[in-house]
*Asks:* 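Dumping the structure here so I can ask a few things about it.
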Amino acid sequence: MRYRTRVTAPAALIGTAAALTIGGVPAQAAVASGVPGAETLGDPVYPDLGNDGYRVSAYHLDLAYDATTKLVDATATLRITTTEALTRFSLDALGLDIRTVTVAGKTAAFEQTGEKLRITPARCLPPRRRVTVTVTYSADPRRTLAHTAWVPTPDGFAVCPQPNSAHTVFPCNDHPVDKADFTFRITVPTGLKGVASGSLTGTEDLGDGRTAYSYRSREPIATELVQITVGDYVVKDRQGPNGLPLRDVVPTARAEALEPALALTPNLVSWIEQRLGAYPFETYGLLPCNNDSSTAFDFTGLETQTLTLYKPNYLLQAEPKIGSHMMHELVHSYFGNSVSPATWADLWINEGHADFYGLLYRYERGWADSIGLTTMEARMKDTYAKGDQWRQSSGPVAAPNEANLFDNQRYLGGVLVLYALRQQVGETVFATIERTFLDRFRNSSASTADYIAVASEISGSDQSGFLRDWLYGTKTPRMPGHPDWTVTPVSSSLRRPQSRPSGHHDNSATL
């Protein structure tokens, strides 16, 4: 079979308020003492993101969109498992008008402070307890926030949660290390469509001028990769290689004009499968969101699981312009989505790999890149020359901060690291490292240390010193196989890499 099937609890079960048991002990038999759960997962880039004391195994998101008020009424139901005795725990939440919270079916006290929703259950939760948490709330996709995932459109919305904004759409443990199963129910006025990550499992005409669409993801999703969109869409289905169902969600009025770009996907999938193995999810496609100008949508494309979000106007360009960018986003299905970063300092794994294969795809076709070069070797020599300058202005490749997280050092700087490793071990061993890493950490998260460990294991020699110099050094190491390559001194007037706004990314400049 092409896909690995996960067995998950039915959505109906996730949403019940029935008392849960563990080890035969009813939920009411809570221990008498515990501690408040930590309100951080200790991320080096976003230290306030995420919460500890529990892990989430499943989310069920039930959203209803009102086309008149433009507001969303919602219920988020989470299945969590405690890791310690908890008198209180928190979810990440910002800009949501919380109405009620229940824990194991019982009303719980709550308060919103900063970007946290603090929840105090009626009784302390014992360790290793499976429990259902239900939050009802409303949201305004047009609300102005310091950072937001909402992309309002004339006929609805889409969401762009990366890296730290999923909790502006639904209460969650908003960190990629805590991946979970997702089901969705999206209720919209009849005539509009509601679409989410995963596969459509049902459509219900509610008989009151509204239609409900239900979706389930076969594989777990990191919160930053969730996609929920409402609009006047046509869903275009086509078959990809090896029977992979492809699904594009396209503004009805622009469907014909966007078809040439959408038709590129099958060949893109075939190309990357030859290098990285079978596509890891149940479907793939593009979502040209019906908004080309929103300031909340300040990038060209964004990978969300099973759907890549795009500005429609970008996709109207000719293939040499968009083909390698579409490959970049497709590669994120492997690096970033199937294998998510353990921390945001590991972003180079996502973006370095996406640019690496996007550039290979471009150069195989003889397409010049954004600076006029036509081979990987020429681009890497140019990038190598900028190495020390980038390390001074943006830090080492695997040591970003919030301000420079999405700049060129994580993209082309990451490509340079992968190119150096391929030079060091050879193309055949490098290809085996890539597939082994993806297989070993599929449906979970992985760190830079994990990648180094796989590279050492597969190459048969310790690569830790080599890779750590490339990833964490303040000076650019010698490039294997190219002793003639030189680094431009930092004191030169070389242009600094352009930083991208924190919260979103636009990788088109690198391709």
*Asks:* Once you round to the nearest 0.5 Å, how far does CD of Glu224 lie from OG1 of Thr304?
*Replies:*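 Nearest 0.5 Å value for the CD-OG1 distance: 10.0 Å.
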
*Asks:* Looking at Asn290 and Thr153, would you say the former's side chain and the latter's main chain have a donor-acceptor pair under 3.5 Å?
*Replies:*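 No; zero donor-acceptor contacts below 3.5 Å.
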
*Asks:* Can you spot which of Glu39, Lys116, Glu115 makes a side chain to side chain contact (heavy atoms under 4.5 Å, CB included) with Asp92?
*Replies:*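 Considering Glu39, Lys116, Glu115, a side chain to side chain contact (heavy atoms under 4.5 Å, CB included) with Asp92 is found only for Lys116.
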
*Asks:* Any sub-3.5 Å donor-acceptor pair from Arg79's side-chain atoms to Tyr59's backbone N or O?
*Replies:*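 It does not hold such a pair.
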
*Asks:* With Tyr284 as reference, evaluate Thr306, Leu330, Leu307 under the side chain to side chain contact (heavy atoms under 4.5 Å, CB included) test and give the passing residue.
*Replies:*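 Considering Thr306, Leu330, Leu307, a side chain to side chain contact (heavy atoms under 4.5 Å, CB included) with Tyr284 is found only for Leu330.
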
*Asks:* Measuring from atom CG of Leu438 to atom CG of Leu276, what distance do you get when rounded to the nearest 0.5 angstrom?
*Replies:*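 Atom-to-atom, Leu438:CG and Leu276:CG are 6.0 Å apart.
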
*Asks:* Who passes side chain to side chain contact (heavy atoms under 4.5 Å, CB included) against Thr190, sequence neighbours left out?
*Replies:*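 So Thr190 forms a side chain to side chain contact (heavy atoms under 4.5 Å, CB included) with Thr211.
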
*Asks:* Which pair of non-hydrogen atoms, one from Glu282 and one from Leu244, has the smallest distance, and what is that distance?
*Replies:*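 Glu282 and Leu244 have their closest heavy atoms at O-CD1, 3.9 Å.
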
*Asks:* For Asp155 and Asp232, indicate whether the former's side chain and the latter's backbone hold a donor-acceptor pair under 3.5 Å.
*Replies:*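 Yes: the side chain of Asp155 pairs with the backbone of Asp232.
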
*Asks:* How close do Pro280 and Ser333 get, counting heavy atoms only, and between which atoms?
*Replies:*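 Here Pro280 and Ser333 meet closest at CG-O, 3.4 Å.
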
*Asks:* Under a 3.5 Å cutoff, is there a donor and acceptor pairing between the side chains of Asn51 and Arg118?
*Replies:*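 Judged by distance alone, the side chains do not pair up.
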
*Asks:* Charged N to carboxylate O under 4.0 angstrom, Lys179 versus Glu219?
*Replies:*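 No.
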
*Asks:* Give me the atom names and distance for the closest heavy-atom approach of Asp73 to Ser138.
*Replies:*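 Closest approach of Asp73 to Ser138, heavy atoms only: OD1-CB, 3.3 Å.
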
*Asks:* Could you report the tightest heavy-atom contact between Gly37 and Glu84, atom names first, then the distance?
*Replies:*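 Of all heavy-atom pairs spanning Gly37 and Glu84, the closest is CA-OE2, 4.5 Å.
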
*Asks:* So, does Lys193 use its side chain to make a donor-acceptor pair with the main chain of Val188 at under 3.5 Å?
*Replies:*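 Pair absent, no side-chain N/O of Lys193 close to backbone of Val188.
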
*Asks:* Between Glu434 and Tyr334, does the side chain to side chain contact (heavy atoms under 4.5 Å, CB included) criterion hold? Intermediate values first, please.
*Replies:* CA-CA 10 Å; Glu434 298 283 88; Tyr334 297 81; over 6 Å; no

*Asks:* List for me each residue that meets side chain to side chain contact (heavy atoms under 4.5 Å, CB included) alongside Thr343, sequence neighbours excluded, and say none if there are none.
*Replies:*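 Counting only residues at least two positions away or on another chain, Thr343 forms a side chain to side chain contact (heavy atoms under 4.5 Å, CB included) with Asp43, Pro44, Ala345, Asp346.
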
*Asks:* What's the verdict on side chain to side chain donor-acceptor pair (under 3.5 Å) for Asn350 and Arg410, showing C-alpha distance, side-chain angles and the deciding distance?
*Replies:* CA-CA 9 Å; Asn350 303 16; Arg410 261 43 75 187; over 6 Å; no

*Asks:* By the definition side chain to side chain contact (heavy atoms under 4.5 Å, CB included), identify the one residue from Val249, Val250, Leu258 that meets it with Lys236.
*Replies:*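 Output: one option passes, namely Val250.
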
*Asks:* Is the centre of the His167 ring less than 6.0 Å from the centre of the His147 ring?
*Replies:*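 They qualify: ring centres under 6.0 Å apart.
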
*Asks:* Under a 4.0 Å N-O cut-off, is there an ion pair linking Asp439 with Arg442?
*Replies:*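 Here Asp439 does not pair with Arg442 in a salt bridge, since their nearest N and O are not under 4.0 Å apart.
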
*Asks:* Main chain of Val415, side chain of Asp355: is a donor-acceptor contact present, judged purely on distance under 3.5 Å?
*Replies:*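 No, Asp355 side chain to Val415 backbone: no donor-acceptor pair under 3.5 Å.
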
*Asks:* Any chance the rings of Tyr65 and Phe157 have centres within less than 6.0 Å?
*Replies:*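 That pair passes the under 6.0 Å test.
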
*Asks:* May I ask you to decide if Val226's main-chain N or O and Ser197's side chain share a donor-acceptor pair within less than 3.5 Å?
*Replies:*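 Judged by distance alone, no pair lies under 3.5 Å.
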
*Asks:* State whether the side chain of Asp62 and the backbone N or O of Thr75 hold a donor-acceptor pair below 3.5 Å, judged by distance alone.
*Replies:*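 Such a contact is absent between Asp62 side chain and Thr75 backbone.
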
*Asks:* Hey, what's the ring geometry for Phe335 with Phe437, parallel, tilted or perpendicular (30° and 60° as the breaks)?
*Replies:*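 Ring orientation of Phe335 relative to Phe437: parallel.
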
*Asks:* Answer yes or no: is there a donor N or O on one side and an acceptor on the other, between the side chain of Tyr279 and the main chain of Thr283, under 3.5 Å?
*Replies:*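 Yes, because the side chain of Tyr279 sits within donor-acceptor range (under 3.5 Å) of the backbone of Thr283.
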
*Asks:* Between Ala108 and Pro121, which heavy-atom pair has the shortest distance, and what is it?
*Replies:*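 In terms of heavy atoms, the two residues are closest at CB-CA, 4.0 Å.
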
*Asks:* Measure the acute angle between the ring planes of Tyr411 and Phe406, then classify it against the limits of 30° and 60° as parallel, tilted or perpendicular.
*Replies:*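 The rings of Tyr411 and Phe406 sit tilted, inter-plane angle from 30° to 60°.
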
*Asks:* Hey, does the side chain of Gln409 reach the backbone of Gly395 with a donor-acceptor pair shorter than 3.5 angstrom?
*Replies:*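 Yes.
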
*Asks:* According to the interplanar angle, ranging from 0 to 90°, do the rings of His328 and His332 count as parallel (below 30°), tilted (30 to 60°) or perpendicular (above 60°)?
*Replies:*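 Taking His332 first and then His328, their aromatic rings stand perpendicular (interplane angle over 60°).
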
*Asks:* Within the side chain of Arg216, is there an N or O that forms a donor-acceptor pair under 3.5 Å with the backbone of Thr201?
*Replies:*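 No; judged by distance alone, with no hydrogens or angles, the pair does not exist.
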
